[in-house]
Enquirer: 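My questions will all concern the structure given below.
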Amino acid sequence: MKVRKAVIPVAGLGTRVLPASKAIPKEMMPVVDKPVIQYVVEEAVAAGIKEIILVTRTGKLAIEDHFDSHYELEAELARKNKTALLAAIQNIVPPEVSIISIRQPEAKGLGHAVHCAASTVGGEPFVVILPDVLVNNGGDKTNDLMRMVVEFENTGAAQIMVGEVPDDKVQLYGIADCGGVAPEFGESTAIKGLVEKPRQDESPSNLAVIGRYVLPGKIMSLLADGKPGAGGEIQLTDAIDALLEMEPVEAYKMMGDTYDCGEKLGYLKANLAYGLQHSETANGLRQFINALANEHE
Ligand code: G1P
């Protein structure tokens, strides 16, 4: 079955990037010239997604506004013949892609947030994208999410994106047990178990879940039965661990670079990495970084 829908949970409070995220959603913080949320929506569109479901909360309306039309601004840019800027704000998503939002009334965890989209997903397979996590495939024509969608459509096995993390960071992630077999970059391998935020001495591997999932519709009924897990929250990881008792689930090893924009250092790194890829900023930024490096030698 074709994967047409994506669920993007955007109801988080952004406490790791306060005070920046006090009055604006953390997903609206810019990386070079676009808010973080725009990168992940563009990634979904590139992977063939046609319907994007934002799971949101009070105080996050700026995200919906960003993907809506802005009549006065468009009229003004048109009047001044600023066609490139006009195109940049009009064509954020192509016309055949729709963005809708639903609310998560209580902060009960990622699994609960995804389940809030159950009736809209309607039993179809879908993608989950965690918006803090940027995946940079460096302008390649196929992004990692696209490859995961193709693998799901070919095999029917849920795809969970993983990447290796240092041993002392495993307690920050969902960790996959692939029976000692690590997938090759850009390839998938069967998962035997999945555990949310294990202690370092109990972790089955250092293959961490990196915020991209392709899941069958039936995960929603497993989430509906979800009990609070790590941190007292209903965890998506636990529902996927239950799913793999019923059918194959695969770990897909990412090829791109990843940045966690939900924390300060990751956000700064993302700005540097994307700034070095942007035609307006690449040269100047490279010179600045080199000058800084020389100063601190
Ligand atoms: C969430 C998931 C976790 C995943 C992580 C990074 O955790 O629960 O399994 O590894 O995102 O993508 P959070 O960072 O929200 O605590």
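Counting convention: from 1, in listed order, for ligands and their atoms alike.
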Enquirer: Measure and list all N/O to N/O distances between ligand 1 and the protein that fall under 3.5 angstrom.
Expert:
{"from": "ligand 1", "atom 1": "7 (O)", "to": "Lys197", "atom 2": "NZ", "distance (Å)": "3.3"}
{"from": "ligand 1", "atom 1": "8 (O)", "to": "Glu196", "atom 2": "OE1", "distance (Å)": "3.4"}
{"from": "ligand 1", "atom 1": "8 (O)", "to": "Glu196", "atom 2": "OE2", "distance (Å)": "2.7"}
{"from": "ligand 1", "atom 1": "9 (O)", "to": "Gly174", "atom 2": "N", "distance (Å)": "3.0"}
{"from": "ligand 1", "atom 1": "9 (O)", "to": "Glu196", "atom 2": "OE1", "distance (Å)": "2.7"}
{"from": "ligand 1", "atom 1": "9 (O)", "to": "Thr237", "atom 2": "OG1", "distance (Å)": "3.3"}
{"from": "ligand 1", "atom 1": "10 (O)", "to": "Gly174", "atom 2": "N", "distance (Å)": "2.9"}
{"from": "ligand 1", "atom 1": "10 (O)", "to": "Val209", "atom 2": "O", "distance (Å)": "2.7"}
{"from": "ligand 1", "atom 1": "12 (O)", "to": "Val209", "atom 2": "O", "distance (Å)": "3.4"}
{"from": "ligand 1", "atom 1": "12 (O)", "to": "Gly211", "atom 2": "N", "distance (Å)": "3.3"}
{"from": "ligand 1", "atom 1": "16 (O)", "to": "Lys197", "atom 2": "NZ", "distance (Å)": "2.7"}

Enquirer: Examine the side chains of Gln200 and Gln171 and answer whether a donor and an acceptor come within less than 3.5 Å of each other.
Expert: no
Enquirer: Can Ile234 be reached from Ile240 by stepping across I, L, V, M, F, W or Y side chains whose heavy atoms are under 4.5 Å apart?
Expert: no
Enquirer: Is any side-chain heavy atom of Met254 closer than 4.5 Å to one of Asn137?
Expert: no
Enquirer: Hey, would you say the Tyr213 and Phe126 ring centroids sit under 6.0 Å apart?
Expert: no
Enquirer: Tell me whether the NZ or CZ atom of Lys269 lies within the 45° cone about the ring axis of Tyr259 and under 6.0 Å from its centre.
Expert: no
Enquirer: Partners of Tyr173 by ring pair (Phe, Tyr, Trp, His ring centres under 6.0 Å), sequence neighbours excluded?
Expert: none
